[in-house]
Amino acid sequence: MRVYNTLTGKKEDLVPLAPGRIGMYACGVTVYDVCHIGHARSAIVFDVIRRYLRFRGFDVKYVRNFTDIDDKIINRAKQEGIGWDEVAKKYTEEYYTDMDRLGVGRADVEPKATEHIPEIIAIVRGLVEKGYAYVIDGDVYFEVKKFSDYGKLSKRDVDDMLAGARVEVDERKRSPMDFAVWKSSKEGEPSWESPWGPGRPGWHIECSAMTMKHLGESFDIHGGGADLIFPHHENELAQSEAFTGKPFVKYWIHNGFITIDREKMSKSLGNFFTIKEILGKFDPEVLRFFLLSTHYRSPIEFSDASLREAELSIDRYYTTLIRIDDFLKESSDKIKTTAEEKGFEETLSVFIDKFKEAMDDDFNTALALGLIFELIREVNKYLDARPSGRKAWELITRSSDLLSQSGNVLNIFNKKPEEWYDALMVTKRIPFTKADILDRIEQRQEARQRKDWAAADSVRKELEDQGIIIEDKKNGSTWKVMIGK
RNA sequence: GGCGGCGUACCCAAGUGGCUAAGGGAGAGGUCUGCAAAACCUUUAUGCAGCGGUUCAAAUCCGCUCGCCGCCUCCA
């Protein structure tokens, strides 16, 4: 398996510190607001990485934190006139609601900053004792120039940064680059007792404390959005390695941004969509599929049109699943071998290897999805040839297994087709009930029997106007929700 | 100013040295159908921003040019 490592700037073979086991940490969210689709991307990317590592047989311990104390939370609490801990609780719940819908699994450990204050204080104390941090008026700062490797993750030079400094200068700090590992609290702000007086953790320190506690001083994979590389991960790395004297993380993995009109989506620009907004218009699976249809490190341009395309692709998948189900239900013993059989069998036998090859190469979900749709086409082609008999039944069953295996890794395509259409009835706001539709299909069937094509077509037209498509098959008609319009 | 990334068909998007440049959408034509839909087939990049270079061989490596974007400040 090869993984792109931000630290080295190269794809490297994935060799865990302990054979067969992987410790993995992904930065979760600061719980001060509802999540936007950028959070969704990050969560989904690391969810898939974790699922795939498991699929490949690794014993994965996945840790994803909540930052539940921070300036933004405090400000939010003031705005809303509630306690900071209530803010954290509220948005943690919102987070779970959104992520559950998107099929993002729970991590094995989901630690919170406020539950690790003693560990944080121990690290801060250690940093001071070792001379990496200094105390001023109850604040504790990490002294960047004491850590000679500073800048190795984000590839920047301390002097260059100082030259073009846009950082606001705090006169008390020895250098503008120094950052707080512990902040004294003002009156009325949340605080914890510490050797330096009442205060709270600096922004980066909680991740050092939580990774160390749950994954050890050195671990395999640390992930997050690319915007965390600097300063968050750079600082986290510096303070962790300064404290332990050991390498912190073996592989740093960062996902790319979502853009809107070619510009980074961000809260400060205001050009963002919340997960909830999008899920009001599209099925969660559509968003998940869309986010996986581009490699995780590339920027991904977000638009309604792209989501509609994703929806169309998913529909193609489920349409084929229906064909598969129909075939398996009505298969007969009469043996009919087709010319397609040999090629189809070959496709099936190499599928999983190709899927692994794609995912082994830095989690190339876009390529993996391409392979799934190649298989979909082969299945359709095979079924078009109208095979029958035991062999055909076996091949189709195998296809179905392969599809669900690969779908499970990505955690998409695991609905029943009916569930997909039920969900579409809701998101597309179809003004009919299923009974309404079946009723009309019945009427149309009678008209067709009379060969009253005009009447039959008018029923079709009526349903079509409301987004329902009728499909005539050999033993009756079925319906589905029209999409892509 | 410093550092980094990207530019592949009408659109989205894989591919980073060597078979016909994946896959999806859209368009055109066809098979099937009472008509449709779905599905399948054919077709749409002798070509990978442009120009040079390295190589037996380049979308893929190197250089320059143009265009777009990101980080350097909270940010997934």
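Numbers restart at 1 for each chain; the letters A, B, ... are given by sequence-line order, proteins then strands.
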Student: How many whole angstroms separate atom CD of A/Glu309 from atom P of B/C10?
Tutor: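 These atoms are roughly 15 Å apart.
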
Student: Taking the minimum atom-to-atom distance to the side chain of A/Phe230, which one of B/A13, B/C72, B/G24 wins?
Tutor: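 Ranking B/A13, B/C72, B/G24 by closest atom to the A/Phe230 side chain puts B/C72 first.
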
Student: Contacts to RNA chain B from residues 449-468 of chain A, heavy-atom cutoff under 4.0 Å, which residues?
Tutor: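 Here the set is A/Trp453, A/Asp457, A/Arg460.
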
Student: May I ask you to decide whether A/Asp422 forms a salt bridge with A/Lys416, counting only side-chain N to carboxylate O separations under 4.0 Å?
Tutor: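 Salt bridge absent between A/Asp422 and A/Lys416.
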
Student: Within the 4.0 Å heavy-atom criterion, would you say A/Ile258 contacts the bases, only the backbone, or no part of the nucleic acid?
Tutor: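 Counting heavy atoms under 4.0 Å across all strands, the contact made by A/Ile258 includes a base.
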
Student: Could you give the CZ-to-C1' distance, from A/Phe289 to B/C12, as a whole number of Å?
Tutor: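 For the pair A/Phe289 CZ and B/C12 C1', the rounded distance is 11 Å.
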
Student: Among B/G24, B/C3, B/A14, which nucleotide sits nearest the side chain of A/Lys155?
Tutor: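 The listed nucleotide nearest to A/Lys155's side chain is B/C3.
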
Student: Check this for me: does any side-chain nitrogen of one of A/Arg106 and A/Asp100 sit under 4.0 Å from a carboxylate oxygen of the other?
Tutor: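 Between A/Asp100 and A/Arg106 there is a salt bridge, with a charged N closer than 4.0 Å to a carboxylate O.
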
Student: Name the closest nucleotide to the A/Phe373 side chain, picking from B/A22, B/G24, B/U73.
Tutor: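 The answer is B/G24, which lies nearest to the side chain.
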
Student: For the pair A/Lys428 and A/Glu311, find out whether any cationic side-chain nitrogen is under 4.0 Å from an anionic carboxylate oxygen.
Tutor: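 Judged by the 4.0 Å cut-off on N to carboxylate O distance, A/Lys428 and A/Glu311 do form a salt bridge.
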
Student: Could you write out RNA chain B as a dot-bracket string, with dots for unpaired bases, | for bases paired across to another strand, and Watson-Crick or G-U pairs counted at under 3.5 Å?
Tutor: ((((((((.[[[..)..(....]]]((((((.......))))))....[[[[[..)....]]]]])))))))....

Student: Regarding A/Gly38, tell me which of base, sugar-phosphate or nothing describes its non-hydrogen contacts under 4.0 Å with the strands shown.
Tutor: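 Result for A/Gly38 = base.
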
Student: Between A/Thr319 and A/Arg262, just flag the one whose closest nucleotide in RNA chain B comes earlier from the 5' side.
Tutor: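 Closer to the 5' end of RNA chain B: A/Thr319.
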
Student: I'd like to know if A/Glu374 reaches the base of B/G23 with its side chain such that a donor and an acceptor end up less than 3.5 angstrom apart.
Tutor: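 Looking at the base of B/G23, it does not pair with any donor or acceptor on the side chain of A/Glu374 (distance under 3.5 Å).
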
Student: Could you check whether A/Glu80 pairs with A/Lys90 (Lys NZ or Arg NE/NH1/NH2 to Asp/Glu carboxylate O, under 4.0 Å)?
Tutor: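 Here A/Glu80 pairs with A/Lys90 in a salt bridge, since their nearest N and O are under 4.0 Å apart.
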
Student: Does A/Arg64 make a cation-pi contact with A/Phe46 (under 6.0 Å, within 45 degrees of the axis)?
Tutor: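 No, A/Arg64 does not lie over the aromatic ring of A/Phe46.
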
Student: Categorize A/Arg444 for me: base, sugar-phosphate, or nothing, with a 4.0 angstrom heavy-atom threshold over every strand shown.
Tutor: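 The answer is base, as A/Arg444 lies within the cut-off (heavy atoms under 4.0 Å) of a base atom.
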
Student: Would you tell me if any nitrogen or oxygen in the side chain of A/Asn380 comes within less than 4.0 Å of OP1 or OP2 on B/A38?
Tutor: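 No, A/Asn380 has no side-chain N/O under 4.0 Å of OP1/OP2 on B/A38.
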
Student: Return the orientation label for the A/Phe272 and A/His36 ring planes: parallel under 30°, perpendicular over 60°, tilted otherwise.
Tutor: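 Tilted, since the angle between the ring planes falls between 30° and 60°.
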
Student: Would you mind classifying the nucleic acid contact of A/Gly9 as base, sugar-phosphate or nothing, using non-hydrogen atoms under 4.0 angstrom?
Tutor: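 Counting heavy atoms under 4.0 Å across all strands, no contact is made by A/Gly9.
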
Student: Kindly say whether, by distance alone, the side chain of A/Arg297 makes a donor-acceptor pair under 3.5 Å with the base of B/G70?
Tutor: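 Answer is no: no donor-acceptor pair is held.
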
Student: One thing to verify: whether A/Asp13 and A/Arg2 come together as a salt bridge, which I'm taking to mean a side-chain N less than 4.0 angstrom from a carboxylate O.
Tutor: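 So A/Arg2 pairs with A/Asp13 through a salt bridge.
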
Student: Rounding to a whole Å, what distance do you find between A/Phe257:CZ and B/C74:P?
Tutor: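 Checked: the CZ to P distance equals 14 Å.
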
Student: Taking only the side-chain nitrogens and oxygens of A/Arg308, find out if one of them lies under 4.0 Å from OP1 or OP2 of B/A26.
Tutor: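 No, because none of the side-chain N or O atoms of A/Arg308 sits under 4.0 Å from OP1 or OP2 of B/A26.
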
Student: Does A/His254 reach a base, just sugar-phosphate, or nothing at all? Heavy atoms under 4.0 Å.
Tutor: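 Since no nucleic acid heavy atom lies under 4.0 Å of A/His254, the category is nothing.
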
Student: Does B/A37 have its OP1 or OP2 closer than 4.0 Å to a side-chain nitrogen or oxygen of A/Lys480?
Tutor: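 Checking A/Lys480 against B/A37: no side-chain N or O falls below 4.0 Å of OP1 or OP2.
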
Student: Is the distance between the ring centroids of A/Tyr25 and A/Tyr62 less than 6.0 Å?
Tutor: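 Between A/Tyr25 and A/Tyr62, the centre distance exceeds or equals 6.0 Å.
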
Student: Can you identify which nucleotide, out of B/C68, B/G15, B/A36, has its nearest atom closest to the A/Asp472 side chain?
Tutor: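 The closest nucleotide is B/A36.
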
Student: Side-chain N or O of A/Arg377 versus OP1/OP2 of B/A39: is the shortest distance under 4.0 Å?
Tutor: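 For B/A39, neither OP1 nor OP2 has a side-chain N or O of A/Arg377 closer than 4.0 Å.
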
Student: Which sits closer to the 5' end of RNA chain B, A/Glu263 or A/Lys11, going by the nucleotide each is nearest to?
Tutor: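 The residue whose closest nucleotide sits nearer the 5' end is A/Lys11.
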
Student: Has A/Arg156 got a side-chain N or O lying under 4.0 Å from the OP1 or OP2 atom of B/G1?
Tutor: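 Checking A/Arg156 against B/G1: no side-chain N or O falls below 4.0 Å of OP1 or OP2.
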
Student: Once you measure the plane-to-plane angle for A/His254 and A/His233, does it fall in the parallel (<30°), tilted (30-60°) or perpendicular (>60°) bin?
Tutor: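 Judged by the thresholds at 30° and 60°, the geometry between A/His254 and A/His233 is tilted.
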
Student: Treating A/Asp178 as the side-chain partner and A/Lys173 as the backbone partner, does any N or O pair qualify as donor plus acceptor under 3.5 Å?
Tutor: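 Pair absent, no side-chain N/O of A/Asp178 close to backbone of A/Lys173.
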
